[in-house]
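A short write-up of the structure that comes next.
Quick note: numbers below take in every heavy atom, side chains included, and nothing from hydrogens, waters or symmetry partners. Every chain is numbered from 1, with letters handed out A, B, ... down the list of sequences.
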2 protein chains.
Amino acid sequence: MARLVEFDEEQAIQKAMEVFWKKGYAATSMRDLTDAMQINSSSLYNTIGDKHQLFIRCIKHYTKMRIRAVEQRYTNFASPIQALENFIKDAADIITTEPNSCMCVKATFEIEGDDPEIQVVVNAYDDFTHQLLKGLIENSQSQGEIDSSENADTIADYLTSVFIGWYNSFVLHKDRTKITNMAAFMIRQLRH
Amino acid sequence: MARLVEFDEEQAIQKAMEVFWKKGYAATSMRDLTDAMQINSSSLYNTIGDKHQLFIRCIKHYTKMRIRAVEQRYTNFASPIQALENFIKDAADIITTEPNSCMCVKATFEIEGDDPEIQVVVNAYDDFTHQLLKGLIENSQSQGEIDSSENADTIADYLTSVFIGWYNSFVLHKDRTKITNMAAFMIRQLRH
DNA sequence: CAAATTTTAAAACAAATGTTTCAAAATAAA
DNA sequence: TTTATTTTGAAACATTTGTTTTAAAATTTG
């Protein structure tokens, strides 16, 4: 055998992710990345690969983080409608607190379907959220908290759409009240 | 005086806009632009300016087109709630028909508040839509078609958010039915 | 320790980037 | 028609881009 890899790959991916997350794919240069990761480009190409492969690793890392956080928070909740309301409030909170919009949303609008590999990762994340919301909606429906005549898939899609719009709103207006007002309105509408 | 400008500036801006709209700001090169515009870069710099100034012209052109189309369609409508429902259906239609997502949405997520000049243009467009929707909502409220206890600004923000989410959904799933289902659900919710 | 093998750092790479230069072409006014 | 002024096309510009090369450093195994 021979020399070992010096840098911590997880840590390096995390740093690269932060740069991609902020600047987007095209606007990020390899120098930006190696500076943040604190490794030489030869090491990067040697272990992870080129810019595109690095991005894939980063966005996978992002979605994994996100999914883990949600899984921790939404196991064993009091009632499904309570969980749902909390999810909505959490979304409002994350959107108005974090420095950047969702990395998947940014990537989706930047790539616009022209990169199947990225799309697979984003779709998997989207699907995870969708299934979680759908489950909460269905349970709320069977407990009579949400109109059972409405399709749970459609409502789940709908909620996701609203959240993505909130990211946009917050970039444009930086107005937390706008978001919390919409969140409250949305909850009222759902319970009708 | 002296030699006149040969190319049609409006036409050239239109062509440049199409490229920026599709590829985004960072991923578009000056060669991409001059190829599409069919002019030499010296002419471009001589008349319009650099890449950034050209982008501003393009996104202004985009919003002007959009605003004009909406103004034509939404003057003198039968009833405000009818106009509102039509607006929602039109949004669903545009989103599932056009080859790219809204140029303003793409620019917002790409730039993320780091470019005040772009932001001003996008905000003006957002404000136009907001005022139009707000007016329709207020009129629907006074006619008893929408709950008057809800704030019209919040509902207008909310509708805009949903539309933006639809763009995202359509990039990910290319499923028109998802969008029309959400549109129908949204209209039902609003009329409660 | 010596051999084998891999990672690293620094430099180099060609290609692409946004922008400018400059002479030739074009035209309105004198 | 000449003069003055501007636009154009082609080439050139310096940087920056993503990526590779090369030799030295490092470490496990024999």
Side-chain angles (χ1 to χ4, degrees), chain A residues 1-61 106-107 110-111 114-118, chain B residues 1-61 106-107 110-111 114-118:
Chain A
M1 284 298 122
R3 189 173 177 178
L4 302 172
V5 177
E6 267 181 18
F7 67 96
D8 181 339
E9 199 165 304
E10 279 296 304
Q11 235 170 72
I13 293 288
Q14 168 73 28
K15 286 294 178 191
M17 183 204 73
E18 288 166 13
V19 180
F20 272 136
W21 187 4
K22 187 190 171 150
K23 308 185 70 168
Y25 182 74
T28 300
S29 75
M30 291 303 280
R31 262 87 175 173
D32 291 337
L33 293 163
T34 50
D35 284 358
M37 300 166 86
Q38 302 235 61
I39 63 172
N40 191 278
S41 66
S42 72
S43 299
L44 176 54
Y45 278 86
N46 211 36
T47 52
I48 294 162
D50 63 14
K51 188 186 180 186
H52 188 263
Q53 292 171 297
L54 176 56
F55 186 82
I56 299 288
R57 288 286 302 273
C58 289
I59 197 160
K60 275 185 180 164
H61 178 65
K106 295 183 72 167
E110 180 174 2
I111 306 305
D114 282 355
D115 191 319
E117 261 189 283
I118 296 177
Chain B
M1 287 297 120
R3 189 171 176 178
L4 302 173
V5 176
E6 267 180 18
F7 68 96
D8 180 340
E9 200 164 303
E10 279 296 303
Q11 234 169 73
I13 293 288
Q14 169 73 28
K15 286 294 178 193
M17 183 204 75
E18 288 166 14
V19 181
F20 273 135
W21 187 4
K22 187 190 170 148
K23 309 186 69 168
Y25 183 73
T28 299
S29 76
M30 291 303 281
R31 263 88 175 172
D32 291 337
L33 293 163
T34 50
D35 284 358
M37 300 166 86
Q38 303 235 61
I39 63 173
N40 191 276
S41 66
S42 71
S43 299
L44 175 53
Y45 277 86
N46 210 36
T47 51
I48 293 163
D50 62 16
K51 188 187 181 187
H52 188 262
Q53 292 172 295
L54 176 57
F55 186 81
I56 298 289
R57 288 285 302 272
C58 288
I59 197 160
K60 276 186 179 164
H61 179 66
K106 296 184 71 167
E110 180 173 3
I111 306 304
D114 282 355
D115 191 318
E117 262 190 283
I118 295 177

* Protein-nucleotide distance (B/Asn46, atom CG; C/dT19, atom P), rounded to Å -> 14 Å
* Rounding to a whole Å, what distance do you find between B/Ile39:CD1 and C/dT19:C1'? -> 14 Å
* To do: Could you give me the CA-CA distance, side-chain angles and deciding distance for B/Ile59 and B/Phe20, then say whether side-chain contact (heavy atoms from CB on, under 4.5 Å) is met?
  => CA-CA 9 Å; B/Ile59 197 160; B/Phe20 273 135; over 6 Å; no
* Asked: For the pair made of CG in B/Asp8 and C1' in D/dT7, what is the distance, rounded to whole Å?
  -> 16 Å
* Rounded to whole angstrom units, what separation is found between the CZ atom of B/Phe7 and the P atom of C/dA26? -> 17 Å
Between N or O atoms, less than 3.5 Å apart, protein on one side and nucleotides 14-18 of chain D on the other: list the pairs.
unit_1	atom_1	unit_2	atom_2	d
D/dG18	OP1	A/Thr28	O	3.2
D/dG18	OP1	A/Lys51	NZ	2.9
D/dG18	OP2	A/Met30	N	2.6
D/dG18	N7	A/Arg31	NH1	2.6
D/dG18	O6	A/Arg31	NH1	3.3
D/dG18	O6	A/Arg31	NH2	3.1

* Less than 4.5 Å apart, any side-chain heavy atom of B/Tyr25 and any of B/Lys106? -> no
* Whole angstrom value for the distance that separates P of C/dG18 from CD of B/Gln53 -> 15 Å
* In degrees rounded to 10°, what angle is found between the helical axes fit to the five outermost pairs at each end of the helix from C/dC1-D/dG30 to C/dA12-D/dT19? -> 10°
* Structure fact -> For B/Ala12, the side-chain contact (heavy atoms from CB on, under 4.5 Å) test, sequence neighbours excluded, returns B/Phe7, B/Met37
* Global bending angle along the helix from C/dA14-D/dT17 to C/dA30-D/dT1, which compares the axes of five pairs at either end, to 10 degrees -> 20°
* Near DNA chain D, which residues from residues 9-16 of chain B have a heavy atom under 4.0 Å away? -> none
* To do: Could you tell me the separation between the CE atom of B/Met37 and the C1' atom of D/dG9, rounded to a whole number of Å?
  => 16 Å
* Atom CG of B/Asn40 to atom P of C/dC22: distance rounded to whole Å? -> 16 Å
* To do: Apply side-chain contact (heavy atoms from CB on, under 4.5 Å) to the pair B/Ile118 and B/Phe55, showing each step before the final yes or no.
  => CA-CA 8 Å; B/Ile118 295 177; B/Phe55 186 81; 3.6 Å; yes
* Structure fact -> Contacts of B/Ser41 and A/Ser41 projected onto DNA chain C by closest heavy atom; the upstream (5') one is A/Ser41
* To do: Not counting sequence neighbours, list each pair that qualifies as a ring-ring contact (aromatic ring centres under 6.0 Å, His included) and has a residue in residues 33-53 of chain A.
  => none
* Asked: For A/Asp114, what residues pass the side-chain contact (heavy atoms from CB on, under 4.5 Å) criterion, not counting sequence neighbours?
  -> A/Ile111, B/Lys22
* **Contacts of A/Ser42 that satisfy side chain to side chain donor-acceptor pair (under 3.5 Å) - sequence neighbours left out** => A/Asn40
* Asked: Just to confirm, is there a sub-4.0 Å distance from OP1 or OP2 of C/dT8 to any side-chain nitrogen or oxygen of A/Ser43?
  -> yes
* Go through the structure and list residues passing salt bridge (Lys or Arg N to Asp or Glu O under 4.0 Å) with A/Lys23, not counting sequence neighbours. => A/Asp32
* Asked: Would B/Gln14 and B/Glu18 count as having a side-chain donor-acceptor pair, cut-off 3.5 Å?
  -> yes
* Residues in side-chain contact (heavy atoms from CB on, under 4.5 Å) contact with B/Gln38, at least two apart in sequence or another chain -> none
* **Rounded distance in Å - CG (B/Leu44) to P (C/dT20)** => 11 Å
* Is there a donor-acceptor pair under 3.5 Å between the side chain of A/Glu110 and the backbone N or O of A/Ala26? -> yes
* Donor-acceptor under 3.5 Å (A/Lys51 side chain, A/Leu33 main chain) -> no
* Structure fact -> Applying side-chain contact (heavy atoms from CB on, under 4.5 Å) to A/Asp35 and not counting sequence neighbours gives none
* **Listed partners of B/Glu117 passing salt bridge (Lys or Arg N to Asp or Glu O under 4.0 Å), at least two apart** => none
